[in-house]
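Contents: one structure, followed by commentary.
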Amino acid sequence: MRASQLLLPTVKEDPAGAEAVSHKLMVRAGLVRQLAAGIYVYLPAGWRVMRKIAAIIREEMDAIGCQEMLMPVINPAEIWQQSGRWDAIHEELFRFKDRKGADMALAMTHEEVVTWLAAREVHSYKQLPQTWYHIQTKERDEARPKSGILRTREFTMKDAYSLDVSLEALQESYRKQIGAYDRIYARCGLDVLMVEGDSGMMGGSVSHEYMAYADAGEDEIVSCRECGYAANVELARAGADREAPAAVELEGEILTPGAHTIAAVSAFFGAPEGAFIKALVIMVESGGSGAGARSGGEAATPAMVLLRGDHDLGELKLRKVLGAEFRLATADEVVAAQGVAPGFVGPVPTPLPVYADEELRRGVYVAGANKPDYHLAGVTLAQVPQAVFADLREARSGDACPQCDGELQGARVIEVGNIFQLGTKYSAPMGATFLDEDGKAQDIVMGSYGIGLARVAAAAVEQHHDANGIAWPAAIAPFEVHLVLVRASDETQAALAEELYAELAAEGFDVLFDDRDVSPGIKFKDADLLGCPAQVVVGKRAAEDVVELKERAGGERRDVPHAGLAAALRELLGR
RNA sequence: CGGGACGUGGCGCAGCCUGGUAGCGCACCUGCUUUGGGAGCAGGGGGUCGGCGGUUCGAAUCCGCCCGUCCCGACCA
């Protein structure tokens, strides 16, 4: 490709409002342009990156026996109604009516279509296992698109779906996907970690997320260096603290005027926040269960959640314990339920159901006295007979590892893929069954496996860049070689550059030839911004048949004779 | 959905408070000079100031409503 003919609109300034490095660089390097909130155009160079990622994914999927197909983005409402997600998912599912007035949806993922297909085409255990996949556009009306390409309303995803006869067979399919995923991310040059995940609206039980380390990431994980335990903080088990915090050496009711936050009582008593009990009154939604239950509306019943003062609530954990959606009670609801305003609420006594974090099994604490401006000292959970104990706190950096005696470390990450053991969540309601050896109908056991291509690209930029721009991993760079002709008006240089361009292309290299008649500074800046792994500069020594070879990532440059260029490039590119 | 901010040539911004000829940098076009890290000089083109309504002799500027975009939170296969 000649730069003189390529749409590669690089810009000097960061786009207004961009925060994430990948967002700034991908716009500046001329890879993407935003059309609307969370909706992007992939320009030629950006699309090349996406195609290279797609090619790697295809190779690895095909290598474990997956079959590529293509499923439609436009879906009839019916299949989403059958799976239950038409009602379970609210604003996030794009919906519209066709000209006949029939309800339609834009697919945000393809379990419904796969299950519909399986229901019609899979009849016998002899046809299983199968794994189907496609690389397709997904549509989600995100509440808050953000960070450039990281969280968008329209995006390209590889999603694969395994169909098996049993849970054991599913686990074998799952293991094969894990192998493929490890190879895909390694080939894309990403440093990732597989962590325990939440199955969220996908349903099912076991799931894992692939997380790429990046400060711009919106997820947080904790991991243990000793034993390798790793999980999303939303879900990570928190190990018991080695020692309980120092208790306040007082008993009974104590006047604490105006101290209605943990920070305030901590300051008032001059004791660490861990010496207090944080009592949250929540409203538990009735009827709703699991993901997507509508909040508000139907009757909600109050309950109390207890945490140590220095701990934060793991909302996902609580939702799982409750088996229902919940929200924090309003001030009025707190008064109605507990007889006192927020800030002085405590568990001794309370008529409400109580859910207490495991850490509170031991220790003596100060809690709200259920009386305005009073706290109660000397509280233990033995005084709260109805308390149900559970792991309710959000894990954080510095916590003890739940599996060994190591320590958990926190990190920000981008979720670049995930895998779920769905089981029969979709096959059962949608009637996707097969006949087993005994002629008995059984629900197909399913798994689903996703990778967001744009997130892989953005994560690669986050992990591989410097002050001058992107430094792409060779396998997913828009081009392998950026051939820079320093002076287009110099006949010797131009002739050599043309010759090299033809030669390298013939050798199978993916070359961008900067043949533009612009000043050298612009060319060098653009080359560093775009970030192709190898730069070949045809300049002053063209008359001697010598060019300069620069490795973008390390910045090393050396002169290479024409004859040795192809070999040097092969070495640099690792092929 | 709650909180905050922004919207002015293609891009990044100033002007708005205190109403009175729409400005800067980059990009773009022409010419000449230049050519190894975003060149110089000269000339030039391009803007219903997000939209609608109001106040006023007069609105980019003040007021109201709406739309769009970004940030924090809620939410998030």
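Partners of Arg175(A) under the side-chain hydrogen bond (donor to acceptor under 3.5 Å, both in side chains) rule, at least two apart in sequence or in another chain, are Glu172(A). Looking at residues two or more places apart in sequence or on another chain, you find a side-chain hydrogen bond (donor to acceptor under 3.5 Å, both in side chains) between Asp164(A) and Ser173(A). Scanning for ring-ring contact (aromatic ring centres under 6.0 Å, His included) contacts around Phe513(A) gives Tyr501(A), with sequence neighbours left out. Annotation: side-chain hydrogen bond (donor to acceptor under 3.5 Å, both in side chains) contacts of Lys523(A) (sequence neighbours excluded): none. With sequence neighbours left out, Arg58(A) forms a salt bridge (charged side-chain N to carboxylate O under 4.0 Å, His left out) with Glu68(A). Lys176(A) pairs by the salt bridge (charged side-chain N to carboxylate O under 4.0 Å, His left out) definition with nothing, not counting sequence neighbours.
Side-chain to base pairing of Arg557(A) with G37(B): one donor and one acceptor N or O lie within less than 3.5 Å of each other. Residue-to-nucleotide contacts include no donor-acceptor pair under 3.5 Å from the side chain of Asn468(A) to the base of G37(B). You'll find a donor-acceptor pair under 3.5 Å spanning the side chain of Asp528(A) and the base of G37(B), going by distance alone.
With C1' as the reference atom, U48(B) and G9(B) are 13 Å apart, rounded to whole Å. Annotation: G46(B) and A5(B) have their C1' atoms spaced 30 Å apart (nearest Å). Between A60(B) and G7(B), the distance separating the two C1' atoms is 11 Å to the nearest Å. Separating the C1' atom of U56(B) from that of A14(B) is a span of 26 Å, rounded to the nearest Å. The gap from the P atom of G10(B) to that of U21(B) amounts to 23 Å, rounded to the nearest Å. Comparing U55(B) with C63(B), their C1' atoms are spaced 7 Å from each other, to the whole Å. Remark: the separation of the C1' atoms in A22(B) and C49(B) is 8 Å, to the nearest Å. The C1' atoms of C13(B) and U8(B) are separated by 9 Å, rounded to the nearest whole Å.
For residues 5-28 of chain A, the pairs satisfying side chain to side chain donor-acceptor pair (under 3.5 Å) are Thr10(A)-Asp526(A), Asp14(A)-Arg28(A), Ser22(A)-Glu462(A), His23(A)-Tyr40(A), with sequence neighbours left out. For residues 485-495 of chain A, there are no salt bridge (charged side-chain N to carboxylate O under 4.0 Å, His left out) pairs, not counting sequence neighbours.
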Give every pair of a protein N or O atom and an N or O atom of nucleotides 5-8 of chain B that lie under 3.5 Å apart, one pair per line with the distance.
none

Check the interface with nucleotides 67-71 of chain B: list each N/O to N/O pair with the protein under 3.5 Å, or write none.
unit_1 : atom_1 : unit_2   : atom_2 : d
U69(B) : OP1    : Ala37(A) : N      : 2.8
U69(B) : O3'    : Gln34(A) : NE2    : 3.3
C70(B) : OP1    : Gln34(A) : NE2    : 3.0

Nucleotide N/O to protein N/O under 3.5 Å, stretch nucleotides 23-32 of chain B:
unit_1 : atom_1 : unit_2   : atom_2 : d
G25(B) : N2     : Glu13(A) : OE1    : 3.4

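Note on Lys523(A): nothing from the nucleic acid sits closer than 4.0 angstrom, heavy atoms only. Here Asn418(A) lies in heavy-atom contact (under 4.0 Å) with a base.
Residues Arg541(A) and Asp559(A) are paired through a salt bridge, judged by an N-O separation under 4.0 Å between the basic side chain and the carboxylate. Between Glu112(A) and Arg85(A), at least one side-chain nitrogen of the basic residue sits less than 4.0 Å from a carboxylate oxygen of the acidic one, meeting the salt-bridge criterion.
The distance from atom CG of Leu328(A) to atom P of G2(B) is 18 Å, rounded to the nearest whole Å. Between the P atom of C76(B) and the CZ atom of Phe155(A) lies a distance of 15 Å, rounded to the nearest Å. Atom NZ of Lys525(A) and atom C1' of U35(B) are 16 Å apart (whole Å). Taking atom CZ on Arg455(A) and atom P on C76(B), their separation rounds to 14 Å, with Å as the unit. Arg487(A) has its CZ atom 13 Å from the C1' atom of U33(B), to the nearest Å. Rounding to whole angstrom units, NZ of residue Lys550(A) and C1' of G36(B) are separated by 12 Å. The nearest whole Å value for the distance from the CG atom in Asp514(A) to the P atom in G36(B) is 15 Å. Rounded to an integer number of Å, the gap from Asp517(A) CG to G36(B) P is 13 Å.
Across the interface with RNA chain B, nearest-nucleotide mapping of Gln535(A) and Arg151(A) shows Gln535(A) to be the residue nearer the 5′ end.
Side-chain contact annotation: Asn418(A) with His208(A), donor-acceptor N/O pair under 3.5 Å absent.
Using N1 to N3 plus N6-O4 or O6-N4 for Watson-Crick, or N1-O2 and O6-N3 for G-U wobble, each under 3.5 Å, G36(B) pairs with nothing.
Aromatic rings from Tyr185(A) and Tyr210(A) are positioned such that their centres are separated by under 6.0 Å.
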Counting only pairs under 3.5 Å, give me each side-chain donor-acceptor contact of residues 211-218 of chain A, with atom names and distances, residues two or more places apart or in other chains.
unit_1    : atom_1 : unit_2    : atom_2 : d
Glu218(A) : OE2    : Arg151(A) : NH1    : 2.5

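When distances are taken from the side chain of Phe524(A) to each of G37(B), C76(B), A39(B), the shortest belongs to G37(B).
Closest heavy-atom contact between Ala395(A) and Val233(A): O-CG1, 3.6 Å.
Applying the 4.0 Å criterion to OP1 and OP2 of A39(B), one finds that Ser519(A) has a side-chain N or O inside that range.
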